[in-house]
Each structure stands twice: as C-alpha cells, then as structure tokens.
**Student:** 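One structure is given below, represented as structure tokens, and several questions about it will come after.
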Amino acid sequence: MTAAPARPRLVPLSSVDLADHLAEALDVYVSAMGYPPGTARQRRTLWMEHSRRPGWRCTGWLDPGGHVIGIAYGYSGGPGQWWFEEVRRGLAARGMSRDPGQPDWLRDYFELTELHVRPDAQGSRLGEGMLRALLDGVRHERVLLSTPEHAPRPPGRAWRLYRRLGFEDVLRDHRFTGDGRPFAVLGRTLPLDPPPTRS
C-alpha cells in the first residue's frame, strides 16, 4: 500500500516566523509577480516594518520540508500610511471621495498587503485557503487590496479568486507613485461568505 503524498500545511506566522522564512517568502513573491531577483532585497526591510504595524497578521503554506510555498499578510489600514494616502489621492482625483452615494472604503479597513503562491504550486486553491485564514476573525468592516490590472489579457488566477470571493472595484487604472503600471484597488465587506459546501 502506497502512502498518500504529504500535503502542504497552512499555518499562521508570527513576525519572528516571517523573519525566519523571509528569504523564502520573498522568493515566492518575486517569482509569483515576475519581478527581477533584486526586488527581494528592496522589499526585505519594508516587509519587516509592516510586521510591526497594528493589526498585522500573516499566514502561509509550508511544503512537507517546511519551506514556504505561499505567503499572505496584511494589517489595519489608516491615514498616514503610504498605501492609504495613495488610494485617497486616486479617489479624490476622480471625485469619488466626496460622493455621498459611494461607500467610504477608507474607513475601518484591513489592508491585504501581500498574497502570493509559488507559480509551480498555483491552481490548487492555496491562495483562497490563505485568504480565508488571514481574514478569519479580522475586526474591520471591510478589506482592501491592490493588484495589477489584467487588460487586455484575460483575468489571471488572482483576479478570478478576488471576483469569486465578492471583491468589487474601488478604483481602476490607478497609478501608484513610483510605479507606471496600472493597478486596480478592490474591496469587499467582512466577513467573507463561507465556502460553498462540496457534495
């Protein structure tokens, strides 16, 4: 009788755990985003600074050898943070921050800062598992994230995941300072709907 292959484990990660696995986690980030290898060096300090922010939490998938194959983290968003100010600028430029008919997306939100799965491990709902674990018990009204625009290509896995879980457009074709690529800001209220039961 052949034993079933060992499956990856979904685990919460403390800031100490993240520091211990930082090189692996950044490798996942760089490969999933298609960035040049030097990007990891630039992000190292930022990721550790993020781990000290209020409301920070992190989860990841570890393979049977204990190596990171997926990483997700976020924290409580608010005024004074770079991402908050960038999104507020984008909303104001389109007159959306003053529209009383629009939800106040930047009030009481959790920022989903990073969510990445190593490319060779994608396609098995690992991203959804991390996202659900990360947001379980978050005490904010909503969650926000930014992700690169996909047009004119078909939506990729990340986009399909966010749409499947009910994320809607907050801001489209936004340019963050220092990055010429267009990004979408997506959001939804919390908690997430429970996963569908599989028969």
Side-chain angles (χ1 to χ4, degrees), residues 15 18 25-26 29-30 32-35 39-40 42-59 71-116 127 130-153 155-193:
S15 57
L18 178 62
L26 286 166
Y29 162 74
V30 167
M33 294 295 286
Y35 289 149
T39 309
Q42 299 165 2
R43 304 294 284 190
R44 180 180 303 273
T45 302
L46 181 64
W47 279 31
M48 293 315 300
E49 188 273 321
H50 284 168
S51 74
R52 294 187 288 275
R53 292 192 175 180
W56 182 88
R57 49 171 55 200
C58 181
T59 190
I71 188 75
Y73 76 78
Y75 46 80
S76 302
Q81 295 172 358
W82 179 84
W83 194 88
F84 175 98
E85 299 300 339
E86 288 284 311
V87 173
R88 181 163 66 178
R89 173 181 60 79
L91 292 171
R94 298 181 193 191
M96 297 167 69
S97 60
R98 296 180 299 276
D99 185 345
Q102 296 287 327
D104 184 359
W105 283 104
L106 292 178
R107 180 177 54 81
D108 191 23
Y109 74 94
F110 180 83
E111 181 188 326
L112 175 59
T113 312
E114 306 291 351
L115 189 150
H116 309 286
M130 279 194 302
L131 183 54
R132 288 187 176 281
L134 187 69
L135 296 178
D136 185 39
V138 166
R139 302 195 188 288
H140 290 285
E141 289 183 19
R142 47 188 62 86
V143 54
L144 295 175
L145 62 91
S146 54
T147 190
E149 290 281 5
H150 60 81
R153 302 178 315 277
R157 285 191 171 115
W159 269 89
R160 295 196 301 270
L161 167 64
Y162 300 138
R163 291 301 197 213
R164 190 170 67 247
L165 294 182
F167 282 79
E168 60 184 279
D169 294 345
V170 175
L171 190 59
R172 295 296 299 268
D173 292 307
H174 178 63
R175 265 52 174 198
F176 286 96
T177 301
D179 194 329
R181 297 171 302 158
F183 278 78
V185 177
L186 307 178
R188 66 150 293 152
T189 56
L190 291 174
L192 296 180
D193 301 325

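All values below were derived from every heavy atom in this structure, side-chain atoms included, with hydrogens, water molecules and symmetry-related copies excluded.
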**Student:** Return the set of residues passing salt bridge (Lys or Arg N to Asp or Glu O under 4.0 Å) with Asp179 (not counting sequence neighbours), or none when no residue passes.
**Tutor:**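 Applying salt bridge (Lys or Arg N to Asp or Glu O under 4.0 Å) to Asp179 gives Arg181.
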
**Student:** Below 4.5 Å, heavy atoms only, C-beta onward: do Val30 and Arg43 meet side chain to side chain?
**Tutor:**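 Val30 vs Arg43: side chains apart.
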
**Student:** My understanding is that only residues two or more places apart in sequence, or in another chain, count here; which of them pass salt bridge (Lys or Arg N to Asp or Glu O under 4.0 Å) with Arg164?
**Tutor:**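 By the salt bridge (Lys or Arg N to Asp or Glu O under 4.0 Å) rule, Arg164 matches Glu128.
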
**Student:** For residues Met130 and Ile71, report the shortest heavy-atom separation together with the two atoms involved.
**Tutor:**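 For Met130 and Ile71, the tightest heavy-atom pair comes out as SD-N, 3.3 Å.
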
**Student:** How many angstroms lie between CZ in Arg89 and CG in Leu171, if you round to the nearest 0.5 Å?
**Tutor:**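 The CZ atom of Arg89 sits 9.0 Å away from the CG atom of Leu171.
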
**Student:** Examine distances only and state if a side-chain atom of Glu86 and a backbone atom of Thr177 form a donor-acceptor pair shorter than 3.5 Å.
**Tutor:**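 Yes; at least one donor-acceptor contact below 3.5 Å.
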
**Student:** Tell me, do Arg175 and Pro182 make a side-chain contact under 4.5 Å, heavy atoms counted?
**Tutor:**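 Yes; the side chains approach each other to less than 4.5 Å.
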
**Student:** Are a donor atom and an acceptor atom from the side chains of Ser146 and Trp83 found within less than 3.5 Å of each other?
**Tutor:**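 Side chains of Ser146 and Trp83: pair found under 3.5 Å.
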
**Student:** For Met48 and Ser15, work out which heavy atoms get closest and say how close.
**Tutor:**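 Result for this residue pair: CE-O, 3.8 Å.
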
**Student:** I'd like to know whether Leu131 forms a side-chain contact (heavy atoms from CB on, under 4.5 Å) with Leu165, so could you lay out the CA-CA distance, the side-chain angles of the two residues, the decisive distance to 0.1 Å, and finally the verdict.
**Tutor:** CA-CA 10 Å; Leu131 183 54; Leu165 294 182; 3.4 Å; yes

**Student:** If every non-hydrogen atom of Arg57 is compared with every non-hydrogen atom of Ala133, which pair is closest and at what distance?
**Tutor:**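 That would be NH1-O, 4.2 Å.
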
**Student:** Okay, side chain of Trp105, backbone of Leu186: is any donor-acceptor separation there less than 3.5 Å?
**Tutor:**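 No: the side chain of Trp105 does not pair with the backbone of Leu186.
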
**Student:** Compare every heavy atom of Ala32 with every heavy atom of His116, then report the nearest pair and how far apart it is.
**Tutor:**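 Nearest heavy atoms, His116 then Ala32: CB-CB, 4.0 Å.
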
**Student:** Can you measure from CD (Glu149) to CG (Asp173) and round to the nearest 0.5 angstrom?
**Tutor:**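 Those atoms lie 4.5 Å apart.
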
**Student:** Please list, chain by chain and in numerical order, all residues satisfying salt bridge (Lys or Arg N to Asp or Glu O under 4.0 Å) with Arg157, sequence neighbours excluded.
**Tutor:**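 By the salt bridge (Lys or Arg N to Asp or Glu O under 4.0 Å) rule, Arg157 matches no residue at all.
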
**Student:** Flag the pair Val87 / Leu106 as yes when at least one side-chain heavy-atom distance between them is below 4.5 Å, and no otherwise.
**Tutor:**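 Yes, at least one pair of side-chain atoms sits under 4.5 Å.
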
**Student:** Who passes side chain to side chain contact (heavy atoms under 4.5 Å, CB included) against Thr113, sequence neighbours left out?
**Tutor:**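 Residues passing side chain to side chain contact (heavy atoms under 4.5 Å, CB included) with Thr113: His50, Tyr73, Tyr75, Glu111.
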
**Student:** Taking the side chain as every heavy atom from C-beta outward, state whether Trp56 and Leu18 have any pair of such atoms under 4.5 Å apart.
**Tutor:**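 Answer yes - side chains close enough.
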
**Student:** For a 4.5 angstrom cut-off between non-hydrogen side-chain atoms, does Arg188 reach Asp193?
**Tutor:**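 Yes. Closest side-chain heavy atoms under 4.5 Å.
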
**Student:** Kindly write out the residues that satisfy salt bridge (Lys or Arg N to Asp or Glu O under 4.0 Å) with Asp169, not counting sequence neighbours, or none if the list is empty.
**Tutor:**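 With sequence neighbours excluded, Asp169 shows a salt bridge (Lys or Arg N to Asp or Glu O under 4.0 Å) to Arg163, Arg172, given in chain and number order.
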
**Student:** Return the CG to NE2 distance between Leu135 and His140, rounded to the nearest 0.5 Å.
**Tutor:**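 Rounded to the nearest 0.5 Å, the CG-NE2 separation comes to 10.5 Å.
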
**Student:** Between CH2 of Trp47 and CD of Gln42, what distance do you get to the nearest 0.5 Å?
**Tutor:**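 Rounded to the nearest 0.5 Å, the CH2-CD separation comes out at 13.0 Å.
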
**Student:** So how far is it from Leu145 CG to Leu115 CG, rounded to the nearest 0.5 Å?
**Tutor:**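 If we round to the nearest 0.5 Å, Leu145:CG and Leu115:CG are 8.5 Å apart.
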
**Student:** Within this structure, what is the CZ-CG distance for the pair Phe110 and Leu190, rounded to the nearest 0.5 Å?
**Tutor:**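 It comes to 9.0 Å.
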
**Student:** With the side chain counted from C-beta on, respond yes when Met96 and Val170 share a heavy-atom pair under 4.5 Å apart, and no when they do not.
**Tutor:**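 No, side chains not in contact.
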
**Student:** Test of understanding: with ring-ring contact (aromatic ring centres under 6.0 Å, His included), list the residues that count as partners of Tyr35, not counting sequence neighbours.
**Tutor:**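 Tyr35 satisfies ring-ring contact (aromatic ring centres under 6.0 Å, His included) with Tyr29 once adjacent residues are dropped.
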
**Student:** Would you sort out whether Phe167 and Thr147 count as a side-chain contact (heavy atoms from CB on, under 4.5 Å), showing the intermediate values?
**Tutor:** CA-CA 12 Å; Phe167 282 79; Thr147 190; over 6 Å; no

**Student:** Does Pro155 offer a backbone N or O that forms a donor-acceptor pair with the side chain of Arg160 under 3.5 Å?
**Tutor:**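 Side chain of Arg160 to backbone of Pro155: a pair is present.
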
